[in-house]
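Residue numbers start from 1 in every chain, and the chains themselves are labelled A, B, ... in the order their sequence lines are given, proteins ahead of strands.
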Amino acid sequence: MFLKDGIKCHAQFLKSGLVPPIFTSNQLIHLYANHCLIHEAQKLFDEMPERNVVSWNVIISAYVKSNHLPQAKALFDSASVRDLVTYNTILSGYANADGYQSCAIELFLGMQRKRGEMGIDEVTLTTMVNLFAKLCSLTGGRQLHSYMIKTGNDRSGFAVSSLIDMYSKCGCFGDACLVFKGCEGPVDLVSKNAIVAACCKVGEVDLALRLFWRANESNDTVSWNTMISGLVQNSYEEKALELFIRMWKNRVKFNEHTFASILGACCGLRNLKLGKEVHAWILKNDLISNAFINSGIVDLYCKCGNMKYAESACSISGFENPFSITSMIVGCSMQGNMIQARRLFNSLAEKNHVVWTALFSGYVKSQQSEVVFDLLKEFREKEATTADVLILVSVLNACASQSALNPGKQIHGYLFRMGFQMDEKMTSALIDMYSKCGSVAYAENIFRRAVKRDSVTYNVMIACYAHHGQDVHAMHLFREMLEKGVRPDSVTLIALLSACRHAGFLDMGEKLFYSMKEGYNISPEIEHYGCMVDLYGRAMQLEKAVELFKQIPESQQDVVLLGAFLNACRLNRNVELAREVEERILKTERDKGARFVQLANAYAAEGNWDEMGRIRKLMKGNEAKKFAGCSWLYLDHRVHIFTSGDTSHFQAKTIYSILASLTGELCHIGRGPCVEDNSHGILLDKT
DNA sequence: CTAGGGTTAG
């Protein structure tokens with residue numbers, strides 16, 4: 001029934017003075033609810049002289065759909081009649097509303113206990129599977145699955161698609177596939193869409209595409225949206241746009257989900273021109289005030305560096321849309337404009353965890369560690385709830401990047417006192433923090449005690465060993481990783497190869513590098529090549545370094561790789577080649593100042609003062625600017641910052657006299673101090 | 001007899 005017809009029908013009853021029969025009133029209430037006319041629905045419900053169980057069900061459902069859980073709950077509690085549908089309606093309300101999840105579980109347990117009276121059915125079970133998916137509770141999900149198999153409630157499209165989604169969200173792609181493969185008869189479209197989404201989530205794009213095109217004539221809007229969004233998520237933006245054009249040519253209806261993905265594609269490509277076209281299209285389709293779309297547009301303009309447009313898009317949706325403001329905060333952070341980010345943050349009436357996290361990571365990225373800790377204090381004061389795990393992870397990252405051991409330990413202690421469930425993310429962040437702060441033993445301790453370890457956990461621990469010169473330990477851990485069946489990824493290999501290059505393990509490095517593709521299905525990227533070039537250079541095998549270097553297309557060669565190659569040339573005393581590479585480095589536009597300094601320092605370290613002087617002259621001619629590198633210490637709850645020759649510290653005199661005596665000791669041992677030593681990771685390059 | 005509850009895409 002259309003709304004128009006419903007209103008006409010309702011009006012006729014009112015005119016004639018007759019009361020509509022229960023059946024009609026129920027239908028009308030349902031109709032009003034579907035059109036978000038909750039007041040009309042309630043009014044009609046109040047005026048009913050007689051109600052049956054369906055009347056209660058439709059009015060409760062109306063409040064559930066409009067996210068008015070307290071009202072829905074009150075109606076449920078006062079309902080004069082209830083059946084299984086009533087229970088399922090309020091159960092789904094609890095399951096989908098934030099903060100009501102424990103009510104859902106409690107209600108479900110009650111329904112199970114009172115099996116004789118009301119019982120549970122397939123709808124109850126799929127609702128609960130959905131809830132466990134949202135909570136990422138694999139244990140609960142598995143229990144429900146086996147119960148569903150036992151009671152024969154695992155067959156319908158609803159059941160299958162929910163189960164696929166649950167396994168996918170819980171990180172069990174294999175189980176999701178098993179559920180999908182176990183289906184008999186014709187493939188259910190929603191289940192197919194769910195498995196396509198699951199494939200994309202784990203990066204199995206080819207498989208997703210194959211499934212998508214199989215029986216593609218029945219694909220609906222959701223199928224196309226799922227595939228397009230999956231391609232965007234896996235950085236196949238062009239393919240996503242191609243697919244969108246095909247969708248259009250096939251006359252498949254598209255909607256706001258489609259636009260959100262297309263915006264994501266433009267954003268990933270940093271394609272402002274195309275993004276503007278999509279923006280215009282969105283305006284034409286009157287979707288600009290949609291919260292997701294609007295924040296997508298804001299995100300697009302931020303990522304393309306056009307803050308003016310971003311701001312105007314954000315203000316169009318009014319300062320009501322927290323999604324857009326969060327995108328703006330992220331955008332300002334990327335520009336290093338933390339003042340504006342903070343202003344936007346303050347403008348929000350309610351701060352959710354996402355926006356807190358955005359602000360935290362902004363300060364982390366702009367390396368304002370003091371502010372990060374102040375903000376943590378503020379967060380704990382204002383938010384009565386325990387600190388969000390993600391926020392603590394980002395604070396730990398701040399500690400790691402600042403080598404701030406004491407605050408890191410404080411966070412660790414806080415986690416311990418609060419009895420936080422340590423997940424892989426938190427474990428990895430802690431290991432990384434201790435590693436970067438120089439405490440290998442602590443890092444090791446946490447790694448050994450961890451209940452769950454994923455590839456990231458292994459990666460940070462291997463990298464820790466590699467950075468601290470414990471190359472044999474790094475290799476051992478890699479073997480353990482393989483034995484435990486944890487799949488190594490591209491980062492694992494970077495850590496291992498850098499361990500090899502620090503230790504000069506030529507054979508092992510070669511073996512690893514050339515077995516990457518076949519052994520672990522990882523294609524070597526620029527970083528891996530960089531490690532190998534460096535390894536060959538240090539092993540005085542320039543030919544091999546050259547050979548490898550030439551395999552990389554010029555367009556992909558970055559300064560890090562060029563720097564490694566230059567180093568290899570110089571170590572092998574190939575002046576001609578070195579000069580060639582040097583020119584290429586100086587041609588790189590980005591961070592020009594930093595490149596000059598890098599070169600000058602390299603020559604200075606060699607004691608090649610003529611070359612260094614030459615580079616310094618070039619610097620002047622190019623008017624290269626570089627902020628002074630600085631070192632700092634975290635001591636007595638504050639950060640002490642030093643630059644070269646700096647006398648601004650209040651205890652500068654004492655510091656310099658101690659430094660002089662230390663330098664004297666070093667000279668005494670027989671090794672002169674380095675001119676400008678950047679190798680300890682305490683140098684902050686603020687170029 | 002016909003109504004009401006559960007699935008996938010941002």
Side-chain angles (χ1 to χ4, degrees), chain A residues 1 21-31 33-34 51-62 64-65 72 76 79 81-96 104 118 120-131 133 144 148 153 156-166 168-169 176 179-180 188-201 208 212 219-233 240 247 252 254-265 267 287 290-297 299 323 327:
Chain A
M1 203 205 290
I22 297 184
F23 178 86
T24 312
S25 293
N26 290 348
Q27 262 192 321
L28 282 170
I29 292 172
H30 185 59
L31 185 69
N34 280 343
R51 300 168 188 133
N52 63 14
V53 68
V54 179
S55 319
W56 287 99
N57 292 343
V58 286
I59 193 69
I60 293 169
S61 162
V64 162
K65 276 179 194 147
F76 175 80
V81 272
R82 295 177 201 149
D83 64 4
L84 189 51
V85 177
T86 330
Y87 276 87
N88 286 336
T89 308
I90 196 71
L91 183 71
S92 97
Y94 288 157
N96 293 313
M118 210 65 75
I120 55 176
D121 67 357
E122 201 196 273
V123 179
T124 323
L125 290 164
T126 49
T127 306
M128 289 307 288
V129 169
N130 222 8
L131 173 61
L144 281 171
M148 286 162 87
N153 282 316
S156 79
F158 282 114
V160 171
S161 54
S162 305
L163 284 167
I164 291 172
D165 187 52
M166 183 274 293
S168 165
K169 293 219 165 92
V179 172
F180 184 69
D188 169 64
L189 184 60
V190 180
S191 303
K192 182 181 122 170
N193 294 345
I195 195 73
V196 168
C199 290
C200 293
K201 197 163 171 266
F212 174 79
N219 279 346
D220 64 358
T221 302
V222 178
S223 320
W224 287 84
N225 287 348
T226 307
M227 199 59 240
I228 292 172
S229 131
L231 287 168
V232 176
Q233 275 162 32
M247 179 182 186
V252 183
F254 45 80
N255 60 15
E256 69 271 24
H257 289 265
T258 326
F259 280 118
S261 296
I262 294 304
L263 271 177
C267 202
L287 286 167
N290 175 293
F292 288 109
I293 300 279
N294 190 276
S295 83
I297 289 178
D299 199 31
F323 295 98
S327 297

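If you check B/dG10, B/dG6, B/dG4 against the side chain of A/Ser229, the one that comes closest is B/dG10. Here the nucleotide nearest the side chain of A/Val123, chosen from B/dG10, B/dA3, B/dG6, is B/dG6. Of the candidates B/dA9, B/dG4, B/dT8, the closest approach to any side-chain atom of A/Val190 belongs to B/dT8. Considering only the side chain of A/Ala194, B/dT8 comes nearest among B/dG4, B/dG6, B/dT8. Which of B/dT7, B/dG10, B/dA9 sits closest to the side chain of A/Ser162 comes down to B/dT7. Set against B/dG4, B/dG10, B/dG6, the side chain of A/Thr127 has B/dG6 as its closest nucleotide. Listed nucleotides: B/dA9, B/dG4, B/dG10. Nearest to the side chain of A/Asn290: B/dG10. Among the nucleotides B/dA9, B/dG4, B/dT2, the one closest to any side-chain atom of A/Val58 is B/dG4. Nearest to the side-chain atoms of A/Val54 among the listed nucleotides B/dG10, B/dG4, B/dA9 stands B/dG4.
A/Asn26 comes within contact range of at least one nucleobase, with a heavy-atom separation under 4.0 Å. Among the protein residues, A/Lys201 comes within range of no part of the nucleic acid, since none of its heavy atoms lies under 4.0 Å from any strand. Among the atoms of the strands shown, none is found under 4.0 Å from any heavy atom of A/Asp220. Across all strands shown, A/His30 has heavy atoms under 4.0 Å from sugar-phosphate atoms exclusively, and none from any base.
Judged by distance alone, the side chains of A/Asn130 and A/Ser162 never bring a donor and an acceptor atom under 3.5 Å apart. Defined by atom type and a distance below 3.5 Å, a donor-acceptor pair is present between the side-chain atoms of A/Asn225 and A/Asn255.
Residues A/Lys192 and A/Asp188 are not paired through a salt bridge, judged by the lack of any N-O separation under 4.0 Å between the basic side chain and the carboxylate.
A ring-centre distance under 6.0 Å is not found for A/Trp56 and A/Phe76.
Side-chain atoms of A/Asn52 and base atoms of B/dA3 include a donor and an acceptor less than 3.5 Å apart. Judged by atom type and distance alone, A/Thr126 reaches the base of B/dG6 through a side-chain donor-acceptor pair under 3.5 Å. Between the side chain of A/Asp121 and the base of B/dG6 there is no donor-acceptor pair of N/O atoms closer than 3.5 Å.
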